2 protein chains.
Amino acid sequence: MSTIVDASLRIADADGLEGLTMRRLAADLSVTPMAIYHHVPGKDQLLDLMADESLKTLPGVDRSADPAVELRRLFTAMHRLYLAHPALAQVMAQRPMEGPTAGLVGEEVLYVLTAAGLDDDAAISALITLTTYTSGASLYRLSRRRHVGARGEPLAEIAAGTMPTVHRLRRKINAARDTDKQFTDGLTRLVDSYLGGRGSGP
Amino acid sequence: MSTIVDASLRIADADGLEGLTMRRLAADLSVTPMAIYHHVPGKDQLLDLMADESLKTLPGVDRSADPAVELRRLFTAMHRLYLAHPALAQVMAQRPMEGPTAGLVGEEVLYVLTAAGLDDDAAISALITLTTYTSGASLYRLSRRRHVGARGEPLAEIAAGTMPTVHRLRRKINAARDTDKQFTDGLTRLVDSYLGGRGSGP
DNA sequence: ACCTGAACACCGTTCAAGT
DNA sequence: ACCTGAACACCGTTCAAGT
């Protein structure tokens with residue numbers, strides 16, 4: 001059954017989520033499409049299993065190290081994981097990640113946050129905000145990569161009269177869009193905000 | 001042609017993005033599936049047109065008002081727009097929004113940020129961070145709504161031993177997940193961070 | 001310029017049957 | 001317990017033909 005999940009991840013990495021069909025998966029496993037349904041209830045559950053499996057590659061946190069550093073490390077790793085496996089990010093955008101591994105990651109984050117002095121409500125809020133920011137930023141970068149040049153250069157034909165600032169900054173905007181620096185900037189601001197400025201140094 | 005876009009939005013609101021097929025759209029317009037292809041190049045371009053059309057309902061910003069208030073107002077409106085039209089959020093997660101209306105929204109935000117004293121790079125960074133946070137938070141709430149109870153209560157069966165904090169806070173986590181308060185908290189932190197604490201009062 | 005009919009190359013999944 | 005064959009009810013899109 002983890003043979004099925006592994007093959008699915010291989011296909012999704014190679015040909016994207018739209019390349020992953022039950023029929024293609026069956027062919028790769030030299031089996032009839034229907035054989036898969038005896039191991040997995042359906043395609044949706046297969047996607048859940050794939051997502052949870054991917055999360056296992058995330059690093060654990062060092063509970064004795066600086067909380068701000070550890071949080072930035074973990075969510076940067078999550079961001080990189082999404083960028084490396086676009087299908088995972090797409091699945092997570094559609095379906096909530098509620099598998100066991102997602103739970104373990106949440107446990108790590110909540111531990112760090114409460115150990116840093118946040119009360120329960122603040123820790124939960126920080127966990128959700130950091131998670132949603134990371135997924136939003138990842139999807140943003142991925143969507144731009146996927147459709148690069150697909151619709152011409154739309155911002156090039158903008159009316160300078162109606163959007164002068166966008167027109168003036170066009171080049172800079174496009175340069176900033178798909179950079180680690182952009183992601184790190186937002187992440188750092190959120191981490192600093194929740195940890196109250198403490199812990200950004202050693 | 002905007003008849004086609006309007007009908008598409010109606011279908012997507014009623015039956016979700018997966019209910020919007022070229023054949024269903026054609027049937028609603030009392031026309032053959034192929035007739036649509038004489039007005040729109042394909043389904044992907046139709047989705048782009050739908051997304052841009054939806055953005056037109058966003059409010060403009062008051063350029064003489066408090067920047068922090070105006071930014072919170074605009075991104076809260078964007079969040080509500082996504083929640084009201086889940087298909088729009090799904091489209092935006094898959095394809096970058098580069099239509100004319102998206103450009104106008106960006107223009108508004110960049111104006112407010114630069115008028116508040118941010119330099120070009122900081123304004124661009126803030127625009128992207130606020131946009132990606134809003135979309136990530138919206139998708140998170142929507143994905144949980146869509147699959148509520150679809151896979152049982154996964155967090156209920158967690159091992160208290162391996163994730164004690166998640167286990168202890170289970171109820172609070174689930175309660176916080178789909179609330180405006182959660183979104184507003186992260187948004188306020190980002191806005192305050194970029195505007196340097198100024199402007200949160202009158 | 002605008003629409004139609006028929007077809008192509010796909011999907012996920014059900015159902016009955018085989019070993 | 002595990003797999004197969006054939007079919008159902010769909011997709012988006014191409015192509016040639018009609019008005």
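Quick note on labels: first sequence line is chain A, next is B, and so on, each numbered from 1. In this text, all values refer to a predicted model and were calculated from it rather than measured experimentally.
Atom CZ of B:Arg80 sits in a sparse spot, with 12 or fewer heavy atoms from other residues, nucleotides or ligands closer than 6.0 Å.
Partners of B:Arg23 under the salt bridge (Lys or Arg N to Asp or Glu O under 4.0 Å) rule, at least two apart in sequence or in another chain, do not exist in this structure. Every residue was checked against the ring pair (Phe, Tyr, Trp, His ring centres under 6.0 Å) condition with A:His85, not counting sequence neighbours, and none meets it. Residues passing the ring pair (Phe, Tyr, Trp, His ring centres under 6.0 Å) test with A:Tyr133, sequence neighbours excluded: A:Phe183.
Checked for salt-bridge contact, A:Glu70 and A:Arg63 miss the test: no charged N lies under 4.0 Å from a carboxylate O.
At a cut-off of 3.5 Å, with distance as the only test, a side-chain donor of A:Gln182 or B:Thr129 sits close to an acceptor on the other residue. Between B:Ser138 and B:His79, the side chains place a donor N or O and an acceptor N or O closer than 3.5 Å (distance only, hydrogens not considered).
Comparing the C1' positions of D:dA17 and C:dC2 gives a spacing of 13 Å, expressed to the nearest Å. Only the C1' atoms considered, D:dC3 is 13 Å distant from C:dA16, to the nearest whole Å.
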Nucleotide-level pairing of DNA chain D, given in dot-bracket where Watson-Crick and G-U pairs need both distances under 3.5 Å and | marks other strands
||.|||||...|||||.||
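In this structure, CG of A:Leu29 is placed 11 Å from P of D:dT4, rounded to the nearest angstrom. In this structure, A:Met1 places its CE atom 14 Å from P of D:dC3, rounding to the nearest Å. Atom CZ of A:Arg24 and atom P of C:dA9 are 19 Å apart (whole Å). If you take CD of B:Gln45 and C1' of D:dG12, they are 12 Å apart, rounded to a whole angstrom. Rounded to an integer number of Å, the gap from B:Ile4 CD1 to C:dC2 C1' is 12 Å.
The phosphate of D:dC3 (OP1 or OP2) has a side-chain N or O of A:His39 nearer than 4.0 angstrom. The side chain of A:Thr21 contributes an N or O atom lying less than 4.0 Å from OP1 or OP2 of C:dC11.
Residues in residues 1-11 of chain B take part in no side-chain hydrogen bond (donor to acceptor under 3.5 Å, both in side chains) pair, two or more places apart or across chains.
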When you check every protein heavy atom under 4.0 Å of nucleotides 13-19 of chain C, what one-letter string (B, S, -) results, 5' to 3'?
BBB----
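Partner of A:Val61 under the side chain to side chain contact (heavy atoms under 4.5 Å, CB included) criterion, chosen from A:Arg73, A:Glu108, A:Glu107: A:Glu108.
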